[in-house]
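Keep in mind that the numbers below use all heavy atoms, side chains included, and drop hydrogens, waters and symmetry copies. Residue numbering restarts at 1 for every chain, and letters A, B, ... go by the order of the sequence lines.
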Amino acid sequence: MNYWLMKSEPQTYSISDLDRDRTTIWDGVRNYQARNYLRQMQVGDLAFFYHSNATPPGIVGLMRVVTPEVIDPTQFDSSSPYYDPKSDSHSPRWYTVKVEFVKVFPRFISLPTLKQKFSPEELGVVKQGNRLSVMPVTEAIAQRILALAQ
DNA sequence: GCCAACGTTGGC
DNA sequence: GCCAACGTTGGC
């Protein structure tokens, strides 16, 4: 079982939206490094839900991978902002996962707190200028985040 | 709203 | 293959 961190702007899709929907396809990731991490995800992996572009940004809850290797349907939808005309349906370019809601943390962990508790090497999201929307989190760091969230 | 960081595109 | 131009992300 692996841990991950996944970003979403709450104005686009928040943890409350996931709580309401129970599951969602994490669509719209159009960065190869993030896509490669998505393809490494396995059933049962846990992911921290991070609100980006929020005031303040930070980790708000937890979700679980229920379906790996999902072909992102928005790449073939010409009405979607995530439409990719260069993606071939016989060899899709963009893969993602389906996730389910696990919980909203009792304590929100803001970015300033994350920066105080973790070095950029320990947790990529605290790196300045970091733009990766999906990243791995080690077991040890995940346990420390879970403890802070209680 | 600003702007630094940084990934992508496309001309050469 | 280089790299300038450009577009996007995301903190502040």
Side-chain angles (χ1 to χ4, degrees), chain A residues 2-21 23-41 45-65 68-138 140-142 144-149:
Chain A
N2 305 296
Y3 287 95
W4 306 92
L5 181 145
M6 295 161 80
K7 296 180 187 171
S8 180
E9 300 192 12
Q11 50 200 346
T12 304
Y13 196 83
S14 71
I15 189 95
S16 312
D17 294 321
L18 182 59
D19 190 2
R20 176 198 62 215
D21 297 342
T23 66
T24 193
I25 290 174
W26 201 265
D27 60 17
V29 173
R30 295 293 179 270
N31 169 283
Y32 288 103
Q33 199 181 344
R35 191 270 322 257
N36 293 344
Y37 284 135
L38 285 165
R39 294 198 75 171
Q40 291 174 25
M41 292 184 184
D45 283 2
L46 293 172
F48 295 103
F49 196 129
Y50 179 92
H51 279 175
S52 59
N53 256 316
T55 48
I59 292 174
V60 290
L62 195 66
M63 53 196 165
R64 182 184 293 112
V65 175
E69 291 284 303
V70 173
I71 294 168
D72 185 337
T74 60
Q75 68 196 301
F76 303 122
D77 176 0
S78 60
S79 69
S80 167
Y82 306 123
Y83 177 57
D84 183 355
K86 292 180 189 163
S87 184
D88 170 9
S89 60
H90 298 292
S91 168
R93 184 178 290 195
W94 304 111
Y95 281 80
T96 186
V97 293
K98 185 187 250 188
V99 292
E100 69 177 359
F101 176 83
V102 175
K103 64 158 100 174
V104 174
F105 287 137
R107 291 180 194 274
F108 166 71
I109 314 173
S110 72
L111 181 59
T113 300
L114 290 169
K115 282 181 170 168
Q116 192 188 324
K117 302 282 183 185
F118 301 101
S119 70
E121 292 71 33
E122 289 175 319
L123 188 65
V125 79
V126 308
K127 252 182 241 159
Q128 190 202 356
N130 164 64
R131 293 171 52 187
L132 193 60
S133 65
V134 178
M135 65 191 78
V137 177
T138 66
I141 299 302
R144 286 171 58 194
I145 294 171
L146 289 167
L148 285 171

For this session: Apply side-chain contact (heavy atoms from CB on, under 4.5 Å) to the pair A/Thr12 and A/Asn53, showing each step before the final yes or no.
Result: CA-CA 10 Å; A/Thr12 304; A/Asn53 256 316; over 6 Å; no

Seminar exercise, completed: Atom CG of A/Leu132 and atom P of C/dT8 are separated, to the nearest Å, by 18 Å

Exercise. Nearest-Å distance, NE2 (A/His51) to P (C/dT9)?
Worked result: 17 Å

For this session: Measure from the ring center of A/Phe49 to the ring center of A/Trp4 and say whether it is less than 6.0 Å.
Result: no

For this session: Could you check A/Asp84 against A/Arg93 for salt bridge (charged side-chain N to carboxylate O under 4.0 Å, His left out), going step by step and ending with a plain yes or no?
Result: CA-CA 9 Å; A/Asp84 183 355; A/Arg93 184 178 290 195; 3.5 Å; yes

All N/O pairs under 3.5 Å across the protein-nucleotides 4-7 of chain B interface:
residue : atom : partner  : partner atom : Å
B/dA5   : N3   : A/Arg131 : NH1          : 3.4
B/dC6   : O4'  : A/Arg131 : NH1          : 3.3
B/dC6   : O2   : A/Arg131 : NH1          : 2.0

Exercise. With distance as the sole criterion, is a donor-acceptor pair present between the side chains of A/Arg30 and A/Ser87 under 3.5 Å?
Worked result: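 Short answer, no.
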
For this session: Working to the nearest 0.5 Å, report the span between OH of A/Tyr83 and CD of A/Gln75.
Result: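 Reported value, rounded in 0.5 Å steps: 10.5 Å.
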
For this session: Would you give the length of the straight line joining atom CG of A/Asn31 to atom OH of A/Tyr37, rounded to the nearest 0.5 angstrom?
Result: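 Spacing of CG (A/Asn31) from OH (A/Tyr37) equals 10.0 Å.
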
Exercise. A/Pro56 versus A/Leu111: any side-chain heavy-atom pair under 4.5 Å?
Worked result: no

Problem set entry | A/Tyr50 side-chain N/O to C/dG11 phosphate OP1/OP2 under 4.0 Å | yes

For this session: Under 4.0 Å between any heavy atoms, over every strand shown, what does A/Lys115 touch: base, sugar-phosphate, or nothing? Just pick one.
Result: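 The answer is sugar-phosphate, as A/Lys115 gets under 4.0 Å only of primed atoms, P, OP1 or OP2.
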
For this session: Output, in order, the C-alpha distance, side-chain angles, deciding distance and verdict of side chain to side chain donor-acceptor pair (under 3.5 Å) for A/Ser16 and A/Asp19.
Result: CA-CA 5 Å; A/Ser16 312; A/Asp19 190 2; over 6 Å; no

Problem set entry | Selection: residues 3-14 of chain A, any non-hydrogen atom under 4.0 Å of DNA chain C | A/Lys7

